[in-house]
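Report on one structure; see the data block that follows.
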Amino acid sequence: MKRTIIILAICIIITTFQFCSASRKAAKEPAKVTYVGNMQSLVQTNCSPCHFPPKGNKKPLDSYAALSQSINEVIVRINKNPGEKGFMPFKHAKLSDSTINVFVLWQKDGLLEN
């Protein structure tokens with residue numbers, strides 16, 4: 001009898017922890033990339049002053065609407081190597097792969113604003 005109670009208690013504990021780990025896995029899903037949360041600061045850091053009016057003399061990328069409309073072109077150009085025609089950011093080092101990946105993920109996540 002005592003043995004049965006112990007086995008039953010162990011089964012209940014195992015079942016409880018099984019559900020806990022499943023909810024931890026769900027909680028570990030990466031957050032979606034958004035313009036306000038991720039892209040705005042990236043673009044300000046890497047694309048200014050050229051793409052930020054009034055100082056900018058290039059296509060503006062200073063708003064959600066402007067960047068979301070140009071995202072395909074931006075991704076193509078930041079993936080180019082220095083020296084290639086159309087490389088961005090002009091006269092600067094190539095962006096890191098992780099930074100480029102944020103642009104790609106933003107597009108894949110659906111160009112979320114907030």
Side-chain angles (χ1 to χ4, degrees):
M1 180 72 173
K2 203 173 193 183
R3 183 181 232 181
T4 306
I5 292 174
I6 292 173
I7 292 174
L8 183 60
I10 291 172
C11 288
I12 290 171
I13 290 171
I14 290 172
T15 304
T16 303
F17 284 122
Q18 181 181 9
F19 288 116
C20 290
S21 67
S23 55
R24 283 188 199 146
K25 287 179 187 175
K28 289 182 183 180
E29 287 183 29
K32 299 264 184 192
V33 177
T34 67
Y35 177 78
V36 173
N38 309 94
M39 300 306 300
Q40 191 172 28
S41 62
L42 266 181
V43 173
Q44 287 172 348
T45 301
N46 295 294
C47 305
S48 95
C50 299
H51 293 280
F52 281 77
K55 294 180 184 178
N57 57 355
K58 306 288 183 194
K59 187 178 202 174
L61 298 175
D62 60 339
S63 68
Y64 167 77
L67 184 60
S68 62
Q69 290 172 358
S70 302
I71 192 63
N72 291 329
E73 180 184 359
V74 170
I75 290 172
V76 166
R77 294 182 73 177
I78 62 177
N79 273 300
K80 291 182 182 244
N81 291 310
E84 287 184 76
K85 183 176 179 159
F87 167 77
M88 284 195 330
F90 185 66
K91 293 187 180 179
H92 293 281
K94 183 174 175 129
L95 299 177
S96 68
D97 290 341
S98 60
T99 301
I100 292 170
N101 194 42
V102 175
F103 283 86
V104 172
L105 286 174
W106 184 54
Q107 185 181 43
K108 284 182 182 176
D109 285 347
L111 305 174
L112 303 172
E113 187 169 6
N114 291 314

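The model shown is predicted, which means the values in this text are computed figures rather than measured ones.
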Practice task
Provide the full list of salt bridge (Lys or Arg N to Asp or Glu O under 4.0 Å) pairs with a residue in residues 95-113, sequence neighbours left out, each pair given once.
Solution key: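 Salt bridge (Lys or Arg N to Asp or Glu O under 4.0 Å) check on residues 95-113 returns no pairs.
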Problem - Of all pairs that satisfy salt bridge (Lys or Arg N to Asp or Glu O under 4.0 Å), the ones with a partner from residues 42-53, not counting sequence neighbours - result: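 Matches after skipping sequence neighbours: none remain.
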Exercise for the section: Could you list the residues that satisfy side chain to side chain donor-acceptor pair (under 3.5 Å) with T4, not counting sequence neighbours? Expected result: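 Applying side chain to side chain donor-acceptor pair (under 3.5 Å) to T4 gives none.
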Review item, side-chain donor-acceptor pairs of residues 100-107, under 3.5 Å, at least two apart:
unit_1: W106; atom_1: NE1; unit_2: L112; atom_2: O; d: 2.9
unit_1: Q107; atom_1: NE2; unit_2: N72; atom_2: OD1; d: 2.3

For residues 39-52, run the donor-acceptor check on the side chains, cut-off 3.5 Å, and write out each pair with its distance to 0.1 Å, sequence neighbours left out.
unit_1: S41; atom_1: OG; unit_2: N38; atom_2: O; d: 3.4
unit_1: T45; atom_1: OG1; unit_2: S41; atom_2: O; d: 2.8
unit_1: N46; atom_1: ND2; unit_2: L42; atom_2: O; d: 2.9
unit_1: S48; atom_1: OG; unit_2: Q44; atom_2: O; d: 3.1
unit_1: H51; atom_1: ND1; unit_2: K59; atom_2: O; d: 2.5

Exercise for the section: Run the numbers on L67 and L61 for side chain to side chain contact (heavy atoms under 4.5 Å, CB included), then give the verdict. Expected result: CA-CA 5 Å; L67 184 60; L61 298 175; 4.2 Å; yes
Handout entry: ring pair (Phe, Tyr, Trp, His ring centres under 6.0 Å): pairs with one or both residues in residues 60-82, sequence neighbours excluded
Key =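 Counting only pairs at least two positions apart or across chains, the ring pair (Phe, Tyr, Trp, His ring centres under 6.0 Å) contacts touching residues 60-82 are Y35-Y64.
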Quiz: residues 73-90 side-chain donor-acceptor pairs under 3.5 angstrom, not counting sequence neighbours:
unit_1: E73; atom_1: OE2; unit_2: R77; atom_2: NH1; d: 3.4
unit_1: R77; atom_1: NE; unit_2: G86; atom_2: O; d: 2.6
unit_1: R77; atom_1: NH2; unit_2: G86; atom_2: O; d: 3.4
unit_1: N79; atom_1: ND2; unit_2: I75; atom_2: O; d: 2.8
unit_1: K80; atom_1: NZ; unit_2: K85; atom_2: O; d: 3.1
unit_1: N81; atom_1: OD1; unit_2: K94; atom_2: NZ; d: 3.3
unit_1: N81; atom_1: ND2; unit_2: E84; atom_2: OE2; d: 3.4
unit_1: E84; atom_1: OE2; unit_2: N81; atom_2: N; d: 2.6

